[in-house]
Amino acid sequence: MESEIAPVATVTGLYRGTFSGLEPLTKDIPLTLDEVRRNPIFYELELEPDLEDTDLIVDIIYDNVSPMRMQDLFRGTDIPKGVRFWPDWFDIPPYQKMTDMDGRRVYPRAAGIHTVRIRTARRKIVQRGKKRDFGPANHGYISPVFEFAIAADTSEARE
């Protein structure tokens, strides 16, 4: 009988920051170019209660480009102990053009639909500076594909 290995953290959704708090980020309500330039995109991690003392590693896969390594999250300093949900954020890559894993050109801040996947796993102490392990044996997880939209620039007064 195989035992199920629970992921150290799962992603509950993507959110946009507003003056009234965080709102779900979907492709139905696009981000404006000003929001893209000024605000990060938030995501919420649901932390596994049985792995409360475990530190985390997180990677962001934006528009199918190579994973962007996020800062390691340490329990007790970055994430308080006993917390079940934890918000984190990332910025949309500030480049005009990038190349995805298959060599295709990607325009990260262009108007249209964009995708994000977030992967998490347990941080091993011996892992520092080495390849990161997001496999199931390391309580790894990869989120479903989240889609959101960026609106086209509608300003008439360009100089």
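- Asp100 places a side-chain N or O within 3.5 Å of a backbone atom of Asp102 that can act as its donor or acceptor partner.
- What you find for Ala151 and Pro30 is that their closest heavy atoms are N-CB, 3.7 Å.
- Across every non-hydrogen atom of Gln96 and Pro108, the tightest pair is O-CD, 3.9 Å.
- Under a hydrophobic-cluster definition in which Ile, Leu, Val, Met, Phe, Trp and Tyr are linked whenever side-chain heavy atoms come within less than 4.5 Å, directly or via other members, Ile79 and Leu22 are assigned to different clusters.
- Under the 3.5 Å distance criterion, the side-chain polar atoms of Asp133 are left unmatched by any main-chain donor or acceptor of Asn138.
- Closest of all the heavy-atom pairs between Gly140 and Pro7 is O-CB, 3.8 Å.
- Under a hydrophobic clustering in which Ile, Leu, Val, Met, Phe, Trp and Tyr are joined whenever their side-chain heavy atoms come within less than 4.5 Å, directly or via other members, Ile29 and Tyr15 fall into different clusters.
- With rounding to the nearest 0.5 angstrom, the CZ atom of Arg123 is 10.5 Å from the CG atom of Leu73.
- In this structure, the side chains of Val58 and Tyr43 come closer than 4.5 Å at one or more pairs of heavy atoms.
- Annotation: side chain of Leu33 is in contact with side chain of Ile150 (closest heavy-atom distance under 4.5 Å).
- Leu51 is not listed as a side-chain neighbour of Arg122, based on a closest heavy-atom distance of 4.5 Å or more.
- Scanning both residues, Ala9 and Tyr141, for their nearest heavy atoms gives O-CD2, 3.4 Å.
- The number of heavy atoms from other shown groups lying within 6.0 Å of CH2 (Trp89) does not exceed 12.
- Note on Val11: it clusters hydrophobically with Phe90, by side-chain heavy-atom contacts below 4.5 Å among ILVMFWY residues.
- Asp63 places no side-chain N or O within 3.5 Å of a backbone atom of Val65 that could act as its donor or acceptor partner.
- Considering only heavy atoms from C-beta on, Arg132 comes within 4.5 Å of Asp59 through its side chain.
- Judged purely by atom type and a 3.5 angstrom limit, Arg119 has no side-chain atom pairing as donor or acceptor with the backbone of Ser143.
- Summarising the geometry of Ile5 relative to Ala137, their closest heavy-atom pair is CD1-CA, 4.0 Å, with the distance given to 0.1 Å.
- Residues Phe146 and Gly13 share a closest heavy-atom pair of CE2-CA, 3.8 Å.
- Arg38 CZ: 12 or fewer foreign heavy atoms inside a 6.0 Å radius.
- Here CD of Glu44 is found 11.0 Å from CD1 of Ile118. Values are rounded to the nearest 0.5 Å.
- Taking 4.5 Å as the limit, some side-chain heavy atom of Thr115 sits within range of a side-chain heavy atom of Glu147.
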Test side-chain contact (heavy atoms from CB on, under 4.5 Å) applied to Phe148 and Val116, step by step: CA-CA 8 Å; Phe148 67 94; Val116 174; 3.6 Å; yes
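- Distance CG/Leu14 to OG1/Thr26: 10.0 Å, rounded to 0.5 Å.
- In terms of modelled atom types and a separation under 3.5 Å, the side chain of Arg117 and the main chain of Ile142 share no donor-acceptor contact.
- Within the 4.5 Å cutoff, no side-chain heavy atoms of Asp72 are placed close to those of Asp78.
- More than 12 heavy atoms of other residues, nucleotides or ligands sit less than 6.0 Å from atom CD1 of Ile113.
- Atom CD of Glu52 is separated from atom CZ of Arg84 by 11.0 Å, given to the nearest 0.5 angstrom.
- Classified by interplanar angle (parallel below 30°, tilted 30° to 60°, perpendicular above 60°), the ring pair His114/Tyr62 is parallel.
- Phe42 and Met70 fall into different hydrophobic clusters, where Ile, Leu, Val, Met, Phe, Trp and Tyr side chains are chained together by heavy-atom contacts under 4.5 Å.
- Distance check, rounded to the nearest 0.5 Å: CG of Asp88 to OG1 of Thr120 gives 11.5 Å.
- Under the 4.5 Å side-chain criterion, counting only non-hydrogen atoms from C-beta, Leu56 is in contact with Leu45.
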- request: Give the intermediate values and the outcome of salt bridge (Lys or Arg N to Asp or Glu O under 4.0 Å) for residues Arg75 and Asp53.
  value: CA-CA 6 Å; Arg75 295 287 179 102; Asp53 291 333; over 6 Å; no
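- Under the 4.5 Å side-chain heavy-atom criterion for ILVMFWY residues, a single connected hydrophobic cluster contains both Trp86 and Leu25.
- Taking 4.5 Å as the limit, some side-chain heavy atom of Arg16 sits within range of a side-chain heavy atom of Leu31.
- For Arg109 (side chain) and Tyr95 (main-chain N/O), no donor-acceptor pair under 3.5 Å exists by modelled atom type.
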